[in-house]
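Notes follow once the structure below has been shown.
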Amino acid sequence: MIDKINALLREVENMKAADAEELESLRIKYLSKKGEISALFNDFRNVAAEQKREVGKYLNELKEKAQNKINELRESFDNVQTADAGIDLTRTAYPIGLGTRHPLSIVKKEICDIFNRLGFSIAEGPEIEDDWHVFTALNFAEDHPARDMQDTFFIQHNPDVLLRTHTSSVQTRVMEKNQPPIRIICPGRVYRNEAISYRAHCFFHQVEGLYIDKNVSFADLKQALLFFAKEMFGADTKIRLRPSYFPFTEPSAEMDISCNLCGGKGCAFCKHTGWVEILGCGMVDPNVLDNCGIDSKIYSGYALGMGIERITNLKFQVKDLRMFSENDIRFLKEFESAN
């Protein structure tokens, strides 16, 4: 009996299994009710009384070692399966590609960097605004026709709470809390109730600039705009200023740059004029300064504003405005080299 136990013990100690199915076969062979160890326990009744204690000890050790060996092999299979479970066998062997910055973020950073070199600092404000900071402080009278130029999203039918239609509201907040000199740019998202198409969206992004100090002139504005245009679009870029109208600036102008595709010779993109409009600007209206607590008899200033989508379109020739908000990975990957 002891010889049989020792023989099975050697088999158990050398037990190996290639997979879980083979391990289950070994368990059945040794530990099932009809297994070899169970058969020895059945024969135990025939052992002489004086040997039962010794034989019983060996039998129990055999069963325990067999069970431990089965459990050890099972754990090794479980660990392998757990490690394999996290592996996607369909994944490419090439390294995972890094993400890219959004084209609007790329252009916004470039705009901010250019004006930062001119001494401008960044100012930010809330997107949910009130009528005073968005319209009234900026010289929009309640019945002013200029209010009709911007279709506004109002909050809960409250005419005093709205989504800002331009980042000029940040300028009014800064002017209320600070005395000149003030030199800021205000990047941010704005909202207008417009039909979504390839050339318009209900939300877009702006960067507006404001400079207020003593003896600020239109010549200062023109030099800042010329510097920006050359830094953004190239040293050969030319600018022209056309008279325009904005409630918060007087005089007001719109700025064109020489077409960066045809070099000003005329093409389909610039409608064969050689010029492309990129921003609006002007001298800050004295009423705006007074509304914000700045003495217009002592200080003057200029303001400018541009759409980031517009600049991005000119820089990268993106023809459909909707592509900026669709999060198409194929589109975003085109800007890897611009990061």
Side-chain angles (χ1 to χ4, degrees), residues 1-109 124 127-128 188-189 196 201 203 205 312 316 318 320 322-339:
M1 184 73 167
I2 292 179
D3 292 339
K4 291 183 179 179
I5 293 174
N6 289 332
L8 283 179
L9 183 59
R10 287 192 293 272
E11 290 182 20
V12 167
E13 289 175 346
N14 297 321
M15 188 188 302
K16 294 181 181 179
D19 51 39
E21 184 177 351
E22 185 176 349
L23 178 61
E24 179 62 14
S25 298
L26 291 173
R27 188 195 67 81
I28 293 172
K29 176 181 178 181
Y30 292 106
L31 294 173
S32 66
K33 290 182 178 181
K34 296 182 179 181
E36 295 188 22
I37 295 177
S38 296
L40 289 178
F41 273 96
N42 292 333
D43 293 340
F44 181 70
R45 66 172 68 95
N46 300 322
V47 175
E50 64 274 10
Q51 293 182 335
K52 281 187 180 292
R53 183 171 183 176
E54 181 182 6
V55 173
K57 177 183 176 182
Y58 283 120
L59 271 177
N60 288 329
E61 289 179 356
L62 172 62
K63 183 177 181 181
E64 182 179 356
K65 288 185 178 181
Q67 187 64 61
N68 290 339
K69 187 68 174 182
I70 294 292
N71 291 339
E72 180 184 334
L73 292 173
R74 182 179 291 115
E75 286 180 5
S76 67
F77 290 134
D78 289 343
N79 290 336
V80 171
Q81 290 173 358
T82 301
D84 291 344
I87 299 176
D88 181 1
L89 299 180
T90 65
R91 261 177 53 180
T92 174
Y94 294 101
I96 298 175
L98 296 177
T100 61
R101 292 177 60 206
H102 196 280
L104 294 180
S105 297
I106 296 171
V107 173
K108 182 181 78 171
K109 183 179 184 302
E124 297 180 335
E127 295 182 7
I128 300 178
R189 184 161 50 185
I196 298 175
H201 211 292
F203 70 86
H205 302 79
T312 308
F316 296 119
V318 179
D320 192 333
R322 293 168 293 190
M323 298 181 72
F324 292 129
S325 55
E326 290 179 347
N327 294 324
D328 189 324
I329 297 298
R330 296 168 298 178
F331 171 70
L332 297 177
K333 277 185 172 293
E334 296 179 12
F335 299 91
E336 286 180 335
S337 61
N339 280 272

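Below, all heavy atoms of this structure are taken into account, side chains as well, without hydrogens, waters or symmetry copies. These numbers come from a predicted model, not from an experiment.
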So CG of N71 and CZ of R27: to nearest 0.5 Å the spacing works out to 10.5 Å
Can you tell me if H201 uses its side chain to pair, donor with acceptor, with the backbone of R322 under 3.5 Å?
-> no
Are R10 and E13 within salt-bridge range, i.e. N to O under 4.0 Å?
-> no
Take atom CD in E326; do more than 12 heavy atoms of anything else shown fall under 6.0 Å from it?
-> yes
If you look at every heavy atom in I37 and K63, which pair is closest and at what distance?
-> CG2-CB, 4.2 Å
If you take all heavy atoms of L26 and K16, which pair is closest and at what distance?
-> CD1-O, 3.4 Å
Enter the distance from E72:CD to M15:CE here, rounded to the nearest 0.5 Å.
-> 10.5 Å
Looking only at heavy atoms, which two atoms of E334 and R330 are closest? And how far apart?
-> CG-O, 3.5 Å
Count the heavy atoms of every other residue, nucleotide or ligand shown that sit under 6.0 Å from CD of E124, and state whether that count exceeds 12.
-> no
Just wondering, more than 12 heavy atoms not from I28 lying within 6.0 Å of its CD1?
-> yes
Is it true that atom NZ of K108 has more than 12 heavy atoms of other residues, nucleotides or ligands lying nearer than 6.0 Å?
-> no
Scanning both residues in full, the closest heavy-atom pair of F335 with R101 reads CB-O, 4.5 Å
State, to 0.1 Å, how close S38 and S32 come at their nearest heavy-atom pair, and which atoms those are.
-> OG-O, 2.7 Å
Look at the side chain of T100 and the backbone N and O of L332, then say whether any donor-acceptor pair between them is shorter than 3.5 Å.
-> yes
Check: T312 side chain, L104 main-chain N or O, donor-acceptor pair, under 3.5 Å | no
Are any non-hydrogen side-chain atoms of M323 and D328 less than 4.5 angstrom apart?
-> no
